[in-house]
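Just so it is clear, the values below take in all heavy atoms, side chains as well, and ignore hydrogens, waters and symmetry mates. Whatever order the structure lists them in is the order used to number ligands and atoms, beginning at 1.
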Amino acid sequence: MCGIVGYVGSRPAVDVIMGGLRRLEYRGYDSGGVALVTANGIASAKKAGKLVNLDGVLQENPLPASTTGVGHTRWATHGAPNDINAHPHLDASERIAVVHNGIIENFAVLRDELEDAGYDFVSETDSETVAHLLHRELQNRPDVTEAFRAVCRRLEGAFTLVVVDAQTPGRVLGARRNSPLVVGRGEGENFLGSDVAAFIEYTHTAIELGQDQVVEITADAVVVTDFDGQPVSTKEYTVDWDVSAAEKGGYDWFMLKEIHEQPQAIADTLLGRIGTDGRLQLDEMRLSDGELREVDKIIVIACGTSYYAGMVAKYAIEHWTRIPCEVELASEFRYRDPILDHTTLVVSISQSGETMDTLMAIRYAREQRARVLSICNTNGSTIPRESDAVIYTHAGPEIAVASTKGFLSQVVACYLLALYFAQVKGAKYGDEIQLILDELARIPQAVQQVLDNADQIHKLADRLSSNRSIMFLGRHVGYPVALEGALKLKELAYVHAEGFAAGELKHGPIAVIEDGVPVFVVVPPRARDQLQEKIVSNIQEVRARGARTIALVEEGDDTVVPYSDDVIRLPRVPTLLQPLVATVPLQLFACELATQLGHDVDQPRNLAKSVTVE
Ligand code: F6R
């Protein structure tokens, strides 16, 4: 997710901002930029690529001296990662400079309105809308803070905005909704940052901005109001992290931070998907409804954790759309001579967008005249560029090698794709689709509930830390969850772990169950009555052979309690959505166990984040 820095004080703003952006580099980004308020108006510079590129631009053409400014590192959502789409965005008169993190859901409507009023857009971003809106608002309200609040009231979606106005030097404005913004309080200087890493070098005194609040900082004052201008009370706190902890948001590992970011990642992936007509819309779908109606077979291809997201997707795609769906490892796909033609849709899933196995598979599919739609978290990466259509997950950059928020947001994107097909093919009524979208909208809160119970998982990891072999069982969508739980444990804790479809137990795997072997069991919601009963029998079977059973089961289901050594409660959600809550305890478990064993959780041995070889 983007990094944001705002500064007003007496130091050279460009140095403070570039230093802050460097400390925010860990968030991942694809371009950077800075804007300063100078005696001659706004001076700005921006550049695609790493900050070293922006440094180069600033060295060649130094910006005039200034003690007020904003900076940004961008993680592309709307529009490719290039110089033009990089922030800051300026209005046409170059009076206002805006940096933005998040997604402005109603930007298409606002953009049309502004274009009708004669405003020209130079970038493809939703963020530029704010610069023009603010310019227009200033015609009616001369005070920039008031005008900015009026703009915020018009925006929907998620945003952190930081703004400077050439005609109001010495003032930096910020606002937030569903996206973080922190104020750093100094002596004769104040800061804004997307997190405290932006200013930790200068001050450890911070104020976290609440939802729907606007902040105005000058060198000597911090004034916070709501979007209507009503003052709100704020609380200062002292940050006692060092710089490296600050980068991880105070967590020990990027992985842990990313696990905790999952409610936001899911919410962001769902944002902006409903059009003004109330129908589901997918931004970069690029395939017409006619082309999608022709699709009579879907093949999902992916690797590792993304493959398990594909396995979950199959259940939703077939159930909601009645289109046959196969799921295949990308590394196997092109070597088996698959039957493909233009009515086959190949759906690739890749967090990085660079995985070579997946890339080669989609190239092969396109050679065979299949259409390719990619679900990806990295805007501008190779796989989406080589695909006919894309659905971007908006999880923000994933730094830890083991995928967590990438996985959950992929599953959400797959659900959106399935619902989109159901809409286009008429396989579901609009109100049925809406009901599922409403259930999905409740998932971030449900995931948060699981995260709030992390202590129980940590204690469990402590008790199981000497076990060298751990099993995972699931049925239906719980099966890929079991596989994912085992993969996470293998890659982080280097423990022998295997996931099985619980029905397969009796066909072989039960032979490895012996005294004390921990077995995690993902219990389907009771709505899947037959399955739920069957898995209760499976729990009894392994327990009878000495296994130590850990049941992941929905609240209110006590049927497994007599046969479980530990019960991890999951919030009640519909069956098909259960992977979104059931995976989280397994991620926490693997992370904690690896930590206790003294392993490097973020960089496990022998693994790379982006696997660019076949
Ligand atoms: C496991 C993990 C890997 C990736 C796989 C595919 O935690 O991260 O299994 O899921 O290498 O990577 P992407 O999704 O980038 O194609």
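Salt bridge Glu318/Lys314: present, at least one basic N to carboxylate O contact under 4.0 Å. The residues Glu498 and Lys490 are annotated as not salt-bridged, no charged nitrogen and carboxylate oxygen being separated by less than 4.0 angstrom.
With hydrogens and angles left out, the side-chain atoms of Ser348 and Ser350 include no donor and acceptor closer than 3.5 Å.
Residue, atom and distance of the protein heavy atom nearest to atom 15 (O) of ligand 1 are Ser352 OG, 2.7 Å. Residue, atom and distance of the protein heavy atom nearest to atom 11 (O) of ligand 1 are Val611 CG2, 4.1 Å. Of all protein heavy atoms, the one closest to atom 12 (O) of ligand 1 is Thr355 OG1, 3.5 Å. When only non-hydrogen protein atoms are considered, atom 5 (C) of ligand 1 lies nearest to Cys303 O, 3.6 Å. Ranking protein heavy atoms by distance to atom 3 (C) of ligand 1, first place goes to Thr305 N, 4.0 Å.
The closest approach between any non-hydrogen atom of Lys488 and ligand 1 is below 4.0 Å. Assignment of Asp357 to the shell around ligand 1 is not supported, since no heavy atom sits closer than 4.0 Å.
Of all atoms in ligand 1, numbered sequentially from 1 with element shown, those under 4.0 Å from a heavy atom of Ala402 are 7 (O). Which parts of ligand 1 touch Val401 is read off a 4.0 Å heavy-atom cut-off, strictly below it: atoms 8 (O). The atoms of ligand 1 that sit less than 4.0 Å from any heavy atom of Ser350 are 13 (P), 14 (O), 15 (O), 16 (O). Against a heavy-atom cut-off of under 4.0 Å, Glu491 is close to the following atoms of ligand 1: 1 (C), 7 (O). Within ligand 1, the atoms closer than 4.0 Å to a non-hydrogen atom of Gly304 are 9 (O), numbered from 1 in the order shown. For ligand 1, the atoms lying closer than 4.0 Å to a non-hydrogen atom of Gln351 are 13 (P), 14 (O), 15 (O), 16 (O).
Relative to the six-membered ring of Tyr251, Lys257 misses at least one condition, a distance below 6.0 Å or an angle of at most 45° to the axis. Under a cutoff of 6.0 Å and an axis angle of 45°, Lys488 and Phe472 do not form a cation-pi pair.
Polar contact with ligand 1: absent for Thr358 (N/O pair, distance under 3.5 Å).
No side-chain heavy atom of Leu373 sits less than 4.5 Å from a side-chain heavy atom of Ile298.
The number of heavy-atom neighbours closer than 6.0 Å to CD1 of Ile84, taken from other residues, nucleotides and ligands shown, is 12 or below.
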Q: Take Asp566 and Arg463 through the salt bridge (charged side-chain N to carboxylate O under 4.0 Å, His left out) test and state the conclusion after the steps.
A: CA-CA 11 Å; Asp566 291 278; Arg463 290 199 295 277; 2.7 Å; yes
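Residues Phe589 and Phe520 bring their aromatic ring centres within 6.0 Å.
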